[in-house]
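A short worksheet on the structure shown next.
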Amino acid sequence: MNMKLNIKVWRQKDSKSQGGFETYQVNANEHMSFLEMLDVLNEDLVAQKKEPVAFEHDCREGICGTCSLVINGRPHGPNAGTTTCQLHMRFFKEGDTIVVEPYRAKAFPVLKDLVVDRSSFDRIIQAGGYISVNAGQAPDGNAIPIGKERASKAFEAAACIGCGACVAACPNGSAMLFTSAKVSHLGLLPQGEVEAERRVHDMVAQMDKEGFGMCSNVGACEAECPKEIKLDNIAYLNRAYYKSRFSGREA
Amino acid sequence: MKWLVEFFGSGIGKKLLMSLTGLFLIIFLVVHLVGNLQLLKSDGGEAFNIYARFMTSNPLIKTVSYGLYFFILLHAVLGLMIAWTNKKAKGGKYAVTASSPNTSWASKNMALLGTLILAFIFIHMGDFWWKMHNDQLPYVTYDDTMGPIKNLYARTAEAFANPVIVVGYVIGMIVLAFHLWHGFQSAFQTLGINHPKYSPLIKGAGKLYAILIPLAFAIIPVWFYLSQA
Amino acid sequence: MNLNSKIPSGPLASKWTQYKSSMPIVAPNNKRKLEVIVVGSGLAGAAAAASLGELGYAVKCFTFHDSPRRAHSIAAQGGINAAKNYANDGDSIHRLFYDTIKGGDYRAREANVHRLAECSVDIIDQCVAQGVPFAREYGGLLENRSFGGVQVSRTFYARGQTGQQLLIGAYQSLSRQIALGTVAMYNRHEMLDLVIVDGKARGIIARNLLTGELERHAAHTVVLATGGYGNVFYLSTNAMMCNVTAAWKSVRKGALMANPCFTQIHPTCIPVSGDYQSKLTLMSESLRNDGRVWVPKKAEDAAAIRTGIRKGSSIPEEDRDYFLERRYPAFGNLVPRDVASRAAKVECDKGHGVSPTGLAVYLDFSAAIERYGRSEANKQGLTDLKKEQIIALGEKVVSDKYGNLFEMYEKITGENPYKEPMKIYPAVHYTMGGLWVDYNLETNIPGLFALGECNFSDHGANRLGASALMQGLADGYFVIPYTLGTFLANEISTPKIKNDLPEFLEAEQKTRQLIDKLLSIKGNQSVESFHRRLGKIMWDNCGMSRTEEGLVKGRQMIRELRDEFYNDVFVPGDNNEYNPELEKAIRVADFLELGELMMLDALNRNESCGGHFREESSTPDGEAKRKDDEFAYVAAWAWDDNQPVLYKEPLVFENVELKTRSYK
């Protein structure tokens with residue numbers, strides 16, 4: 001089924017320019033994904049020799065974390081557990097006006113139109129989101145048994161795709177869900193426990209330094225996370241941070 | 001000690017202070033309510049006034065009360081600082097605001113609610129605490145061994161005859177209820193207490209607390225007003 | 001040109017071990033002075049950059065993504081093979097080697113594949129140590145499952161997100177090296193040319209995708225890990241930005257492209273729903289363990305389904321043609337990917353397709369649901385159940401096994417696969433072909449290495465499931481750290497390469513000219529429309545089934561399309577800004593040349609093997625006919641605008657016997 005839509009989209013030339021909304025008409029159909037609808041809009045714009053709307057995307061199957069967008073006020077749109085690339089147009093109807101905005105957070109500056117800079121996430125991982133093991137050092141994979149439940153909890157935290165929806169949804173622009181997912185993924189595993197204290201300290205320090213806000217336990221991050229990462233990771237991070245600061249011997 | 005300063009300078013450290021002071025204030029509310037409920041005793045205010053004298057003269061309680069003032073101020077000042085930092089961290093506003101599922105209105109407006117509560121506390125203390133501490137109350141004698149004591153009950157009864165104060169008080173309690181609705185369970189989450197078995201209990205208890213305590217506080221002025229009308 | 005594969009002598013099983021202990025190496029104090037450029041940050045690239053950084057080389061790593069964590073390795077679902085034999089079911093390094101050679105239809109090098117099988121064991125250990133949360137059993141030990149084309153359980157997995165977990169592991173190791181300063185990371189930088197100085201690869205020209213600035217990066221050696229080129233077909237399961245540009249620019253500088261026509265078409269993808277479609281989504285191969293593939297026996301039933309008058313579930317059992325089970329009774333629905341894909345195409349070509357486009361077959365779980373329902377009822381001791389209750393029990397079991405895949409299918413199609421059979425159709429998934437490399441993974445250009453899907457080396461004419469991740473990580477963690485030394489050991493006295501040598505300036509100049517040219521055409525057609533048309537030509541003439549006539553015609557069509565592109569493409573915006581349309585234009589320009597080479601390679605290879613099926617070379621019942629006496633070689637092509645030149649590297653099989661693959 002075809003549908004005519006009004007797409008009100010944020011246009012901004014570059015990080016230094018002021019941005020504003022432009023409204024375009026798009027002929028979409030219900031089988032398209034949201035990004036394919038934007039492709040159609042861009043093809044129209046190119047046909048009119050205008051500059052297409054810049055937005056980031058890559059795998060289009062919900063796993064790479066490249067796509068973003070705040071659609072009608074919700075990161076990745078209205079559906080739970082869904083990335084923008086997996087959102088399909090059958091959830092909209094003829095005549096709808098859809099407002100598309102970039103993620104808003106100080107630590108995610110807008111680069112152009114709907115594209116934001118999420119490199120702050122990389123720097124948080126670089127601060128300690130790893131296990132220090134060189135290629136060749138590893139013991140046999142089965143040398144340390146890990147309980148199934150613990151392994152699945154670690155997996156569920158590790159499912160984070162680094163898309164930044166948590167930050168976009170948070171009224172405080174906080175990166176606690178992202179950071180905590182990595183801290184608990186690694187901290188829950190015996191391999192990662194070894195350097196847990198230093199990791200949590202360094203990652204939290206980097207998170208603050210990047211200008212992310214503080215967590216006030218609103219829960220919007222959990223609600224909007226396309227991979228449904230749970231808030232209990234944040235509680236885990238808090239615990240790990242206290243432990244690292246108060247019982248750890250390193251100042 | 002550098003590490004400790006650094007700890008309380010971190011986002012999580014500040015939130016821990018918010019959580020701990022918040023929990024202290026949650027306990028204080030119960031203590032305060034126990035005292036207030038004595039206003040409802042039909043003994044002409046004797047129990048309440050004796051209680052009030054005890055609370056203002058016992059050295060231990062006095063010390064604790066200075067801690068209380070400090071914690072209220074700390075909770076408020078830190079809370080406002082956090083709200084300010086967070087506002088800056090958000091960077092900009094969305095043109096469309098849509099609420100995410102499972103998020104409460106209160107959780108996103110804690111600073112506003114807190115500011116209103118702070119204003120309430122100032123007015124409230126001006127009404128009662130200031131008068132008590134600056135000898136602006138009449139005296140009453142129940143028992144010779146005790147001698148004359150300040151009649152805070154009379155001041156309360158007078159205040160609660162004023163409909164403006166009663167309405168203000170009730171509104172204050174509604175604001176408090178919203179603040180607690182989020183604050184109670186949030187304090188536990190910040191402490192790192194989140195467990196699939198126990199968290200639902202904490203959340204349930206928090207919601208019950210957020211309704212019952214402000215409700216009990218609010219009943220008193222309403223009861224006074226109605227019984228004096 | 002003589003293609004020297006540099007395979008070490010000695011018995012197959014000890015080649016690698018002996019070679020490793022006798023190859024030239026670089027001392028730690030010298031490593032610091034040697035600069036290495038790694039292009040790409042997927043499994044192979046991130047693993048290589050991280051491990052080379054760990055060794056102490058001065059590494060620069062480039063990705064066109066905003067973060068190294070986005071590479072398309074992340075989308076691999078099923079798992080990673082390793083000859084651990086944890087299942088105690090008779091697996092061994094030799095068996096993994098043999099399965100891979102056979103699965104590749106005897107078109108891969110024995111020595112490379114055996115090394116891959118040897119490294120597979122270390123990969124699992126390395127990943128576990130990095131914190132990859134593989135599936136585990138209740139006892140806390142690693143769990144395995146089985147995959148297509150093999151008879152043992154050797155696939156390690158992390159739910160349906162194995163690629164993601166492995167990539168994040170490599171990304172974390174890379175992040176650690178970035179923090180330590182051994183790796184300098186260049187995000188949002190795309191390699192647009194290779195710089196050769198005195199016959200050796202000494203650097204790249206990269207475009208900063210945010211500012212458009214062209215940067216000259218020099219190093220002692222260049223390692224490409226830039227993935228496959230499936231996007232030449234426009235529609236594929238590859239990510240939108242996957243491209244051949246880095247590899248192709250190297251080909252234009254003299255690197256050889258090996259077996260470019262070897263393309264893997266994956267049978268179970270969600271079918272195309274319309275012209276606007278931008279990419280195809282894969283449904284894991286594991287679904288064929290329980291799903292049955294069928295089309296309606298009667299063309300009129302299929303027509304009624306296509307127009308929406310009937311539904312698949314309403315076709316009675318006797319009117320269904322389970323064509324895989326019919327044609328291949330021994331393997332049934334679990335035939336290898338190439339065989340299953342072709343069979344589906346044959347049915348659709350006969351007019352039995354079931355989607356509005358006519359290009360889809362059913363993958364039906366109703367039998368499995370009922371079977372599981374009954375066994376579940378049995379287990380729970382329930383009798384006298386109504387059919388609906390049994391089905392409900394069965395749906396629960398199926399949901400436990402495949403829940404996330406079913407959910408994904410429903411998200412995309414809006415149809416409930418528990419109630420209506422899934423519609424699937426083959427789609428381009430992986431390219432076995434790639435840059436020609438020797439045993440050291442070095443191309444014919446000294447100092448230029450290629451890893452992962454970017455090279456041609458390990459999968460022959462068809463890749464087995466769960467082997468791509470294995471190859472990417474083996475190359476990155478366990479091969480290149482050694483073999484790079486064979487080149488760099490001779491470079492320890494080479495001073496730091498300067499990036500203002502004439503070769504760099506010239507390459508930069510040429511790249512600038514190309515960009516200016518593309519921007520100045522100011523034609524009337526979008527880049528996207530050219531890409532789409534190229535994809536259609538490729539799919540129609542160089543897809544699942546190829547003929548001499550089609551390939552000749554296809555090559556001609558591509559040449560015409562290329563001329564049209566350079567006359568009429570419209571690229572909006574400028575160079576000095578973030579300009580995704582310009583990025584795409586450069587990539588499509590390269591695809592337009594690669595496509596031609598693929599046609600040519602497919603035309604040359606007049607045999608059917610693995611994913612390459614020439615109709616002229618088939619048995620009377622339509623099965624593939626391989627011609628070992630004529631085509632047991634690697635076809636390595638040197639690019640030339642007029643007539644690319646073919647070089648042959650004969651494949652010698654000393655440890656396996658060449659057999660015809662039969663799944664009947």
Side-chain angles (χ1 to χ4, degrees), chain A residues 14 29 31-32 35-36 39-40 43 46-47 49-52 54 56-61 63-66 82 86 88 90 111-112 115 117-119 121-122 125-127 129-135 137-142 145-148 151 154-155 158-159 161-162 185-186 189 191-192, chain C residues 50-51 54 65-67 69-70 72 74-75 84 86 122 124-126 128-131 133 136-142 158-159 161 164-165 168 171-173 175-176 178-179 187 210 239-241 273-274 276-279 281 408 411-412 414 477-478 481 526 528 570 572-573 577-578 580-581:
Chain A
D14 53 40
N29 92 37
H31 297 295
M32 288 179 179
L35 296 183
E36 284 165 349
D39 290 341
V40 171
E43 286 248 356
V46 173
K49 310 262 154 132
K50 287 182 188 158
E51 213 176 319
E56 285 195 289
H57 60 93
D58 195 28
C59 77
R60 298 208 176 187
E61 48 189 284
I63 194 73
C64 72
T66 312
T82 305
Q86 291 186 303
H88 278 67
R90 60 177 176 278
L111 297 172
K112 181 174 185 174
V115 179
D117 179 4
R118 288 170 282 189
S119 55
F121 269 13
D122 282 335
I125 298 297
Q126 284 157 21
Y130 49 74
I131 291 172
S132 300
V133 54
N134 289 355
Q137 288 180 325
D140 186 83
N142 264 343
I146 305 172
K148 193 181 173 79
F155 173 85
I161 57 175
H185 157 214
L186 297 177
L189 297 169
Q191 291 85 355
Chain C
S51 25
E54 287 159 10
H65 283 109
D66 67 320
S67 159
R69 67 181 296 153
R70 312 264 187 235
H72 197 54
I74 206 159
K84 279 285 198 186
Y86 283 159
D122 300 326
I124 300 305
D125 300 341
Q126 174 67 15
V128 168
Q130 284 173 344
R136 284 178 185 268
E137 289 162 358
Y138 278 104
L141 303 177
L142 293 161
R159 302 213 186 146
Q161 283 139 269
Q164 182 204 19
Q165 293 309 317
I168 296 297
Y171 160 74
Q172 287 170 188
S173 286
S175 296
R176 174 168 160 248
I178 295 170
N187 294 335
L210 284 182
M240 301 298 287
M241 293 199 282
S273 65
Y276 50 80
Q277 192 141 354
S278 60
K279 83 152 265 163
T281 304
M408 182 165 87
K411 243 177 224 174
I412 292 171
Y477 286 133
F478 297 111
S526 68
E528 200 74 12
F570 173 66
E577 61 176 348
Y578 180 75
E581 287 291 311

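In what follows, every chain begins at residue 1, and chains take the letters A, B, ... in the order their sequences are listed.
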- Task: Show the numbers, then the answer: is there a side-chain contact (heavy atoms from CB on, under 4.5 Å) between Cys64(A) and His72(C)?
- Result: CA-CA 7 Å; Cys64(A) 72; His72(C) 197 54; 6.0 Å; no
- Let me see the working for Met240(C) and Thr66(A) under side-chain contact (heavy atoms from CB on, under 4.5 Å), right down to the final yes or no. CA-CA 11 Å; Met240(C) 301 298 287; Thr66(A) 312; over 6 Å; no
- Residue pair Asn187(C), Asp122(A): steps toward the side-chain contact (heavy atoms from CB on, under 4.5 Å) verdict: CA-CA 10 Å; Asn187(C) 294 335; Asp122(A) 282 335; 3.6 Å; yes
- Task: Could you go through the side-chain contact (heavy atoms from CB on, under 4.5 Å) check for Tyr86(C) and Asp140(A) one step at a time?
- Result: CA-CA 11 Å; Tyr86(C) 283 159; Asp140(A) 186 83; 2.6 Å; yes
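Both the backbone and the side chain of Lys49(A) come within contact range of chain C, each with at least one heavy atom under 4.5 Å from a heavy atom of that chain. With a 4.5 angstrom heavy-atom cutoff, Ile146(A) touches chain C via backbone and side-chain atoms both. Looking at Glu43(A), only its side chain comes within 4.5 Å of chain C, counting heavy atoms on both sides. With a 4.5 angstrom heavy-atom cutoff, Glu528(C) touches chain A via backbone and side-chain atoms both. Residue contact with chain C, scored on non-hydrogen atoms closer than 4.5 Å, involves the side chain of His88(A) exclusively. In this structure, chain C has no heavy atom under 4.5 Å from any part of Asp14(A). Heavy atoms closer than 4.5 Å to chain C are found in both the backbone and the side chain of Arg60(A). Contact of Leu35(A) with chain C is not made at all, since no heavy-atom distance falls under 4.5 Å. Using a 4.5 Å cut-off between heavy atoms, Ala47(A) does not touch chain C at all.
Side-chain atoms of Gln130(C) never come within 3.5 Å of backbone atoms of Val133(A) as a donor-acceptor pair (strictly under, hydrogens ignored). Using modelled atom types, no side-chain atom of Lys411(C) and backbone atom of Gln86(A) make a donor-acceptor pair closer than 3.5 Å. Judged by distance alone, with hydrogens and angles left aside, the side-chain atoms of Asp58(A) form a donor-acceptor pair with the main-chain N or O of Met241(C) at under 3.5 Å. Lys148(A) places a side-chain N or O within donor-acceptor distance of the main-chain N or O of Arg136(C), the cut-off being under 3.5 Å.
No other option in Pro481(C), Ser273(C), Gly414(C) has as many heavy-atom pairs under 4.5 Å with chain A as Gly414(C). Ranked by non-hydrogen atom pairs under 4.5 Å with chain A, the options Gly139(C), Ser175(C), Ser67(C) are led by Ser175(C). With respect to chain A, the highest number of heavy-atom pairs below 4.5 Å among Pro572(C), Ser526(C), Ser278(C), Ala50(C) belongs to Ser278(C). Interface summary for chain A: among Lys84(C), Gln277(C), Arg159(C), the most heavy-atom pairs under 4.5 angstrom belong to Arg159(C). Among Gly573(C), Ser51(C), Ala158(C), the residue making the largest number of heavy-atom pairs under 4.5 Å with chain A is Ala158(C).
The two residues Ala159(A) and Gln161(C) make their nearest non-hydrogen contact at CB-NE2, 3.9 Å. Shortest non-hydrogen contact noted between Asn142(A) and Leu142(C) is OD1-N, 2.9 Å. Here the closest non-hydrogen pair linking Arg69(C) and Ile161(A) is NH2-C, 3.4 Å. Of all heavy-atom pairs spanning Glu54(C) and Ala135(A), the tightest one is OE1-N, 2.8 Å. Scanning all heavy atoms of the two residues, the minimum distance from Ile131(A) to Ala129(C) falls at CG2-O, 3.3 Å.
With contacts defined as side-chain heavy-atom distances shorter than 4.5 Å, the pair Gln172(C)/His185(A) qualifies. The shortest distance between side-chain heavy atoms of Tyr276(C) and Asp39(A) does not fall below 4.5 Å.
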